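Presented below is the structure to which this report refers.
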Amino acid sequence: MSLSIRNQLPGTITAITSGEVMATVKVRLAGGQELTAAITLEAVEHLGLTTGTPVYALVKATEISLATAPVKGLSIRNQLPGTVTGITTGGAMASVKIAVEGADLTAAITRDATDDLALSPGAPVVALVKATEVALTTA
């Protein structure tokens, strides 16, 4: 299956914490970072997810926010440090390419945000992703 989601991060499940309807799934990415996905219990069962299962974490470019440094006091669990490798800007929006340990990401943010953050190739950034915006598929 081909997907329009450009951010497809390989990893392995390290923990699953089940609730009544949802579960949080911890994924160790290929680069060593930990990512948390919040998905339904039905999805956990349907995909046959267990500790050790290889997966891909999928994140739409529009669901990635950027910061110029790690952010404390924030409910967003997923903070991946990286470096800007390229920026393509349009009239309103920009596509920001980011190298993180073991993977590449694309973030779609406003052009104003790229200016306000003074983003340019080589600049350090932190990609922020809510756990509810991470989808999983088996590898």
Side-chain angles (χ1 to χ4, degrees):
M1 167 179 12
S2 296
L3 297 172
S4 64
I5 297 174
R6 300 283 50 109
N7 300 307
Q8 301 179 23
L9 308 169
T12 303
I13 294 177
T14 59
I16 299 173
T17 304
S18 298
E20 291 186 32
V21 176
M22 300 285 290
T24 56
V25 180
K26 303 272 187 196
V27 177
R28 170 98 39 220
L29 299 178
Q33 313 92 318
E34 188 170 272
L35 192 72
T36 301
I39 63 175
T40 65
L41 282 178
E42 183 179 356
V44 170
E45 293 167 7
H46 175 75
L47 294 170
L49 301 180
T50 60
T51 300
T53 302
V55 294
Y56 283 92
L58 309 173
V59 182
K60 290 175 56 176
T62 53
E63 300 304 332
I64 296 178
S65 297
L66 298 177
T68 55
V71 182
K72 295 197 183 290
L74 187 66
S75 67
I76 296 175
R77 307 300 353 130
N78 300 311
Q79 298 193 29
L80 303 173
T83 303
V84 174
T85 59
I87 301 174
T88 303
T89 56
M93 297 296 292
S95 176
V96 181
K97 303 286 186 186
I98 304 146
V100 298
E101 191 69 37
D104 293 314
L105 296 175
T106 300
I109 63 174
T110 65
R111 183 178 180 159
D112 288 345
T114 63
D115 294 340
D116 290 348
L117 296 173
L119 298 182
S120 63
V125 292
V126 177
L128 307 167
V129 184
K130 290 179 66 172
T132 53
E133 299 303 332
V134 177
L136 298 176
T137 187
T138 52

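Excluded from the calculations below are hydrogen atoms, water molecules and symmetry mates; all remaining heavy atoms, backbone and side chain alike, are included. Since we're looking at a predicted model, the values are computed, not measured.
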Name all pairs fulfilling the side chain to side chain donor-acceptor pair (under 3.5 Å) condition that reach into residues 21-33, sequence neighbours left out, sorted by first residue then second.
-> Lys26-Thr36
How long is the span from the CG atom in Leu35 to the OG1 atom in Thr14, to the nearest 0.5 Å?
-> 10.0 Å
Run the side-chain donor-acceptor check on residues 60-67: report pairs under 3.5 Å with partners two or more places apart or on a different chain.
none

Among His46, Glu45, Met22, find the one that has a side chain to side chain contact (heavy atoms under 4.5 Å, CB included) with Thr40.
-> Met22
Please answer: with hydrophobic residues joined when any side-chain heavy atoms are less than 4.5 Å apart, are Leu58 and Val55 in the same cluster?
-> no
Residues forming a side-chain contact (heavy atoms from CB on, under 4.5 Å) with Thr138, sequence neighbours excluded | Leu47, Leu49, Thr53
Here the gap from Thr12 atom OG1 to Leu29 atom CG, rounded to the nearest 0.5 Å, amounts to 9.0 Å
Take atom CD in Glu42; do more than 12 heavy atoms of anything else shown fall under 6.0 Å from it?
-> no
Can you give me every donor-acceptor pair (side chain of residues 92-109, partner residue at least two apart or in another chain, under 3.5 Å) with its distance?
from, atom 1, to, atom 2, distance (Å)
Lys97, NZ, Thr106, OG1, 3.1

Ala139: partners by side-chain contact (heavy atoms from CB on, under 4.5 Å), with sequence neighbours left out | Pro54, Tyr56
Quick one: side chain to side chain donor-acceptor pair (under 3.5 Å) partners of Ser120, sequence neighbours excluded?
-> none
Provide the closest heavy-atom pair for Ala23 versus Val44 in the form atom of the first, atom of the second, distance.
-> CB-CG2, 3.9 Å
With a 4.5 Å heavy-atom cut-off, do Leu9 and Val134 have their side chains touching?
-> no
So how far is it from Ser4 OG to Arg6 CZ, rounded to the nearest 0.5 Å?
-> 7.0 Å
Should side-chain heavy atoms under 4.5 Å link Ile, Leu, Val, Met, Phe, Trp and Tyr, which residues sit in the same cluster as Val71?
-> Leu74, Ile76, Val126, Leu128
Indicate if Val125 and Leu117 have the same hydrophobic cluster label, given that clusters are the connected sets of ILVMFWY residues with side-chain heavy-atom separations under 4.5 angstrom.
-> yes
Excluding Leu41, membership of its hydrophobic cluster (Ile, Leu, Val, Met, Phe, Trp, Tyr; side-chain heavy atoms within less than 4.5 Å) reads none
Can you name the nearest heavy-atom pair linking Gly86 to Pro121, along with the distance?
-> CA-CG, 4.4 Å
